[in-house]
Amino acid sequence: MSPAGATADVLVVGGGILGCSAAWHLTRLCPTARIVVLERHGSVATQASSQAAALLTRARPGAVVVMPLVARTFAAMDELADELAQPLPLHRNGTLHAAGSAAAVGEQQALAATCAEHGLRAESLDLAEACRLVPWLNAAAVRSALLMPDDAFIDPYLLADAYARAARRRGARFRFGTEVTSINVEADRVTGVATAEGELHAPVVVLAAGTWANRLAAPLGAGLPMAPVRSQYWLTETDPLFPRAHPAVLLPEARAYTRPELGALLFGVREPASISVDPAALPADTSGYAFADDPDGWASLEEGAPSLRRFLPALDRVAIRRYVAGFSTYTPDSLFVIGEMPGTRGLFVASGCCGAGIAASGGFGEAVASLVAGETPPFDLAPFHPGRFGPVDPSAPAFRASCAAARSRKTAG
Ligand SMILES: Cc1cc2nc3c(=O)[nH]c(=O)nc-3n(C[C@H](O)[C@H](O)[C@H](O)COP(=O)(O)OP(=O)(O)OC[C@H]3O[C@@H](n4cnc5c(N)ncnc54)[C@H](O)[C@@H]3O)c2cc1C
């Protein structure tokens with residue numbers, strides 16, 4: 001597969017969940033290829049992938065093309081459990097969609113229709129049953145409740161680690177502490193990457209550098225159509241109102257989602273005006289990143305509290321233990337960025353996660369591995385093509401605003 005002198009057949013830049021999934025799928029589809037994952041930090045999934053709430057929501061009426069990629073993650077988790085002889089700690093608690101307004105009931109009907117069309121289980125619950133399952137839910141605020149019993153959530157680090165361990169067992173190598181400083185291209189064809197320790201040669205590079213992917217793409221004259229946008233959630237103290245095994249809850253009117261976290265409640269609120277940051281201004285480590293506006297999230301929580309409180313009256317009583325804020329890369333149309341970079345043969349992108357990179361990680365990995373292997377991908381990848389917006393400047397404020405708006409519009413998990 002490689003020209004003489006190549007260091008590897010495929011270099012994967014980034015050891016987040018998407019790089020790990022890509023590596024595992026590559027070892028399966030290209031079993032003799034030398035796959036090397038380059039990660040600048042000391043282990044897998046130190047960035048967005050370990051911060052995620054990690055809801056694995058299957059039904060996405062606003063983006064049905066994403067659904068097969070999520071289904072692939074569920075199948076991948078079974079395959080990983082077999083390969084590693086160890087079940088993954090998946091919380092199969094389901095998702096409850098709670099609607100209080102006519103508009104939200106309409107959304108819920110669309111969700112039920114999407115489930116029916118795609119063979120996903122969805123059960124209408126009476127309010128007494130909904131409140132039995134979710135004891136903190138204010139029945140007076142809810143007109144209609146729909147349970148998707150096959151949804152789940154997982155510790156995202158453990159899923160990323162499972163992809164990585166399975167990839168290693170199949171021969172992939174991981175080089176930690178290796179920062180890629182540029183992607184090398186000759187005559188429109190990728191030839192490898194430069195790192196602080198020297199050049200690494202390969203005919204194929206998979207760019208899975210998450211929030212930083214645009215930093216590496218920019219010198220090639222190719223802006224990826226995505227921008228880093230703040231994602232955030234809060235964790236309460238433990239409370240008997242929050243049973244360990246209750247469902248995740250989607251509250252579209254409050255732009256909020258919740259899930260149980262060891263007897264506490266994790267809840268995320270999407271701001272009406274989400275915050276995007278210039279990718280050129282990001283530090284290499286964004287864990288603990290303090291956003292210039294609203295560094296502790298309190299302004300955002302106060303803004304979202306009136307809508308959330310309607311459904312979760314205990315909001316004023318329970319103490320908040322922790323605030324987590326990080327980045328997801330959003331695109332203007334809320335669809336991923338997967339495919340060969342226009343103008344640079346051999347450079348494949350797996351990014352633009354739109355806050356669903358854990359849920360769709362299996363699909364991302366299989367899609368990009370199929371492209372590398374020259375096989376027909378099992379999903380329609382046209383909607384995710386990196387060139388679908390034409391030339392973009394990911395640092396331009398207007399472009400970033402369109403990406404931030406995509407997050408604010410999101411009502412799925
Ligand atoms: C608060 C929050 C909540 C979320 N909730 C959910 C959820 O409920 N469900 C869901 O599906 N998703 C959720 N997400 C989104 C999810 O975390 C992302 O979609 C996913 O982690 C993206 O994975 P990644 O591999 O692209 O990025 P990352 O995990 O950030 O990995 C990118 C990796 O590339 C490395 N890298 C970058 N540049 C270089 C370089 N030059 N050289 C070497 N290495 C480099 C980085 O160090 C990093 O390890 C959430 C995200 C956040 C922040």
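Ligands are counted one by one from 1 in listed order, and the atoms in each one are counted from 1 as well. Keep in mind that this is a model prediction, so the values were computed, not measured. Position 1 is the first residue of the sequence; numbering continues from there. We use all heavy atoms of the structure for the numbers below, so side chains are in, but hydrogens, waters and symmetry mates are not.
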Give a yes or no on whether the ring-centroid distance for F336 and F364 is below 6.0 angstrom. yes
Under 3.5 Å, is there a donor-acceptor pair linking the side chains of S144 and Q108? yes
Among S49, P156, G210, the residue with a heavy atom nearest to atom 22 (C) of ligand 1 is S49
Once the angle between the rings of F267 and W234 is folded into 0 to 90°, is it parallel (under 30°), tilted (30 to 60°) or perpendicular (over 60°)? parallel
Given E39, R230, Q47, identify the one with the heavy atom nearest to atom 33 (C) of ligand 1. E39
So if I count the atoms of ligand 1 from 1 in the order they appear, which ones are less than 4.0 Å from some heavy atom of G326? 53 (C)
Taking the six-membered ring of F174 as reference, does the NZ or CZ atom of R168 fall below 6.0 Å from its centre and within a 45° cone about the axis? yes
The atoms of ligand 1 lying under 4.0 Å from a heavy atom of C353, numbered in the order shown, are 18 (C), 19 (O)
Angle class for the F242/H246 ring planes (parallel below 30°, perpendicular above 60°, tilted otherwise)? parallel
Looking only at non-hydrogen atoms, the one of A45, S328, G42 nearest atom 15 (C) of ligand 1 is S328
With a cut-off of under 6.0 Å to the ring centre and 45° to the axis, is R58 in cation-pi contact with F74? yes
At less than 4.0 angstrom from any non-hydrogen atom of I17, what atoms of ligand 1 do you find? 23 (O), 25 (O)
What do we get for A208 next to ligand 1 when only non-hydrogen atoms under 4.0 Å count, side chain, backbone, both or neither? backbone
Consider side-chain contact (heavy atoms from CB on, under 4.5 Å). Of I275, V277, V229, which one does F327 pass it with? V277
Do any nitrogen or oxygen atoms of A48 lie less than 3.5 angstrom from nitrogen or oxygen atoms of ligand 1? yes
To atom 10 (C) of ligand 1, the nearest of A52, G355, A54, A350 on a heavy-atom basis is G355
Below a 4.0 angstrom heavy-atom separation, can you tell me which part of Y233, side chain or backbone, both or neither, approaches ligand 1? side chain
Main chain of S361, side chain of S21: is a donor-acceptor contact present, judged purely on distance under 3.5 Å? yes
Looking at I154, V12, V180, the heavy atom closest to atom 41 (N) of ligand 1 belongs to V180
Going by the 4.0 angstrom heavy-atom rule, the piece of T329 near ligand 1 is neither
May I ask whether T178 places a heavy atom under 4.0 Å from ligand 1? yes
